[in-house]
Colleague: 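Sharing a structure with you now.
Heads up: numbering here begins at 1 and tracks the sequence. Just follow the structure's listing: the first ligand is 1, and inside any ligand the first atom is 1.
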Amino acid sequence: MHDDYVLIPAAPAVDDYRRLRVATGLSAKSAEAAARGLPNTLFGVRLEWQGQVVGMGRLIGDNGCFYQVVDIAVDPTHQGKGLGKRIVAALVDWITANVPETGYVSLIADGPAHALYAQFGFVPTAPASVGMALKRQSRSALD
Ligand SMILES: CC(C)(COP(=O)(O)OP(=O)(O)OC[C@H]1O[C@@H](n2cnc3c(N)ncnc32)[C@H](O)[C@@H]1OP(=O)(O)O)[C@@H](O)C(=O)NCCC(=O)NCCS
């Protein structure tokens with residue numbers, strides 16, 4: 001099923017990253033933000049189809065105590081083929097092999113994506129803990 005898709009254990013390049021976020025309905029990131037952030041990836045994967053990046057996922061954090069799964073995305077024309085599961089499975093394999101027993105791995109699940117993460121052992125933090133995000137004022141830095 002996955003024969004046409006190649007999973008590469010590295011984060012996408014800045015342009016592919018920015019394109020894929022917007023194409024999948026995630027918030028846009030400026031070129032500066034992506035160029036600063038991507039090199040700090042602990043472990044990232046990208047999925048290529050005919051040389052084109054059509055999926056990605058990243059693990060970020062301090063590589064000891066706290067980790068966050070981010071940027072899980074599959075191009076809409078390639079969704080529903082198990083690629084999201086393949087990306088998350090690769091990240092979970094890395095987590096299993098590399099994260100200390102006391103490391104805390106979390107994520108913010110958008111919409112129905114919680115059903116994807118639940119298949120890999122992620123459980124809701126609420127009601128004991130509620131995810132919160134800082135509300136930012138300016139969105140003008142996108143170029
Ligand atoms: C979430 C996403 C990566 C799933 O990619 P995918 O390749 O379609 O996923 P898969 O085919 O591997 O399906 C895996 C699971 O995703 C879930 N799923 C199915 N449709 C979904 C949808 N529209 N949105 C989210 N999750 C969905 C199901 O639980 C499915 O498991 P199942 O087939 O056993 O029921 C993809 O829908 C996407 O890029 N969405 C937009 C960006 C986004 O919301 N990313 C998550 C941010 S937290």
Side-chain angles (χ1 to χ4, degrees), residues 1-99 103-143:
M1 180 178 180
H2 298 311
D3 290 349
D4 295 340
Y5 296 91
V6 181
L7 188 140
I8 296 168
V14 167
D15 288 352
D16 290 324
Y17 173 78
R18 296 181 69 212
R19 172 182 52 78
L20 207 46
R21 276 197 63 99
V22 172
T24 56
L26 300 176
S27 61
K29 295 297 181 192
S30 71
E32 182 197 355
R36 281 171 53 173
L38 290 175
N40 295 318
T41 302
L42 289 177
F43 178 68
V45 298
R46 64 176 185 265
L47 265 178
E48 292 190 1
W49 176 78
Q50 297 186 351
Q52 182 189 356
V53 177
V54 297
M56 63 180 178
R58 298 198 300 140
L59 189 70
I60 60 172
D62 68 5
N63 204 15
C65 297
F66 293 97
Y67 299 76
Q68 188 170 22
V69 173
V70 296
D71 293 328
I72 304 298
V74 172
D75 185 286
T77 61
H78 297 269
Q79 289 178 7
K81 298 179 175 180
L83 299 177
K85 284 186 206 175
R86 196 171 166 191
I87 290 168
V88 176
L91 296 185
V92 169
D93 282 350
W94 192 94
I95 289 165
T96 302
N98 294 285
V99 173
Y104 182 77
V105 184
S106 62
L107 57 82
I108 298 291
D110 293 344
H114 63 87
L116 166 61
Y117 305 123
Q119 297 181 31
F120 292 89
F122 288 87
V123 297
T125 59
S129 308
V130 176
M132 298 181 74
L134 186 64
K135 190 172 169 109
R136 307 296 303 279
Q137 300 300 320
S138 172
R139 305 280 303 156
S140 62
L142 298 175
D143 45 32

Colleague: Under 4.0 angstrom from ligand 1, any heavy atom of Gly25?
Modeller: no
Colleague: Nearest protein heavy atom to atom 40 (N) of ligand 1, by residue and atom, and its distance?
Modeller: Gln79 NE2, 3.7 Å
Colleague: For atom 45 (N) of ligand 1, what's the nearest protein heavy atom and its distance?
Modeller: Ile72 O, 2.8 Å
Colleague: Using a 4.5 Å cut-off on heavy atoms from C-beta on, say whether the side chain of Asp75 contacts that of Leu47.
Modeller: no
Colleague: Would you indicate whether the side-chain heavy atoms of Thr24 and Pro76 approach each other to under 4.5 Å?
Modeller: yes
Colleague: Which residue supplies the protein heavy atom nearest to atom 7 (O) of ligand 1, what is that atom called, and how far is it?
Modeller: Gly84 N, 2.8 Å
Colleague: Quick one: does Thr41's side chain have a donor or acceptor within less than 3.5 Å of a partner on Gly44's backbone?
Modeller: no
Colleague: For Tyr17, run the side-chain contact (heavy atoms from CB on, under 4.5 Å) check against Val22, Val53, Asp71 and tell me which one passes.
Modeller: Asp71
Colleague: Under 4.0 Å from atom 14 (C) of ligand 1, is there any protein heavy atom?
Modeller: yes
Colleague: May I ask you to list the atoms of ligand 1 that are less than 4.0 angstrom from any heavy atom of Gly80?
Modeller: 6 (P), 7 (O), 8 (O), 11 (O)
Colleague: Does Gly111 have a non-hydrogen atom less than 4.0 Å from ligand 1?
Modeller: no
Colleague: For ligand 1, which is the ligand I care about here, please tell me if Lys85 has any N or O atom under 3.5 Å from one of the ligand's N or O atoms.
Modeller: yes
Colleague: Can you report which non-hydrogen protein atom sits closest to atom 11 (O) of ligand 1, along with the distance?
Modeller: Gly82 N, 2.8 Å
Colleague: Would you verify that at least one protein heavy atom lies under 4.0 Å from atom 26 (N) of ligand 1, or report that none does?
Modeller: yes
Colleague: Can you pull the side-chain hydrogen bond (donor to acceptor under 3.5 Å, both in side chains) pairs that have at least one residue in residues 87-99, sequence neighbours excluded?
Modeller: none
Colleague: Should one rank Leu47, Val88, Val74 by closest heavy-atom distance to atom 39 (O) of ligand 1, which comes out on top?
Modeller: Val74
Colleague: Would atom 42 (C) of ligand 1 count as contacted, meaning some protein heavy atom under 4.0 Å?
Modeller: yes
Colleague: I'd like to know if atom 2 (C) of ligand 1 has any protein heavy atom within a distance of less than 4.0 Å.
Modeller: no
Colleague: Could you find the nearest protein heavy atom to atom 18 (N) of ligand 1 and give me its residue, atom name and distance?
Modeller: Pro112 O, 4.8 Å
Colleague: Is it true that, when you exclude Asp15 itself, more than 12 heavy atoms of the residues, nucleotides or ligands shown sit nearer than 6.0 Å to its CG?
Modeller: no
Colleague: Taking Gln68 for its side chain and Leu107 for its backbone only, find out whether a donor-acceptor pair lies under 3.5 Å.
Modeller: no
Colleague: Considering Lys81, Gln119, His78 one by one, which has a heavy atom nearer to atom 35 (O) of ligand 1 than any of the others?
Modeller: Gln119
Colleague: Any idea which atoms of ligand 1 are less than 4.0 Å away from a heavy-atom of Leu116?
Modeller: 14 (C), 15 (C), 16 (O), 29 (O)
Colleague: Using a 4.0 Å cut-off to any heavy atom of Ala113, which atoms of ligand 1 qualify?
Modeller: 25 (C), 26 (N), 46 (C)
Colleague: Does Arg86 have a heavy atom less than 4.0 Å from any atom of ligand 1?
Modeller: no
Colleague: Determine whether Asn40 and Ile60 make a side-chain contact, defined as any pair of heavy atoms from C-beta on separated by less than 4.5 Å.
Modeller: no
Colleague: Give a yes or no on whether the backbone of Ser27 and the side-chain of Arg21 come within a donor-acceptor separation of less than 3.5 Å.
Modeller: yes
Colleague: Protein heavy atoms near atom 48 (S) of ligand 1, is at least one of them under 4.0 angstrom away?
Modeller: yes
Colleague: Are the charged groups of Arg46 and Asp16 less than 4.0 angstrom apart, N to O?
Modeller: no
Colleague: Show me which atoms of ligand 1 lie under 4.0 Å from any heavy atom of Ala73.
Modeller: 39 (O)
Colleague: Tell me whether the count of non-hydrogen atoms from other residues, nucleotides or ligands lying under 6.0 Å of CZ in Phe66 goes above 12.
Modeller: no
Colleague: Below 4.0 angstrom from a heavy atom of Ile108, which ligand 1 atoms are there? Numbered from 1 as shown, please.
Modeller: 48 (S)
Colleague: Is the side chain of Arg58 donor-acceptor paired with the backbone N or O of Ala10 at a distance under 3.5 Å, no angle test?
Modeller: no
Colleague: Knowing that exactly one of Glu48, Arg86, Lys81 qualifies, which makes a side chain to side chain donor-acceptor pair (under 3.5 Å) with Tyr5?
Modeller: Lys81
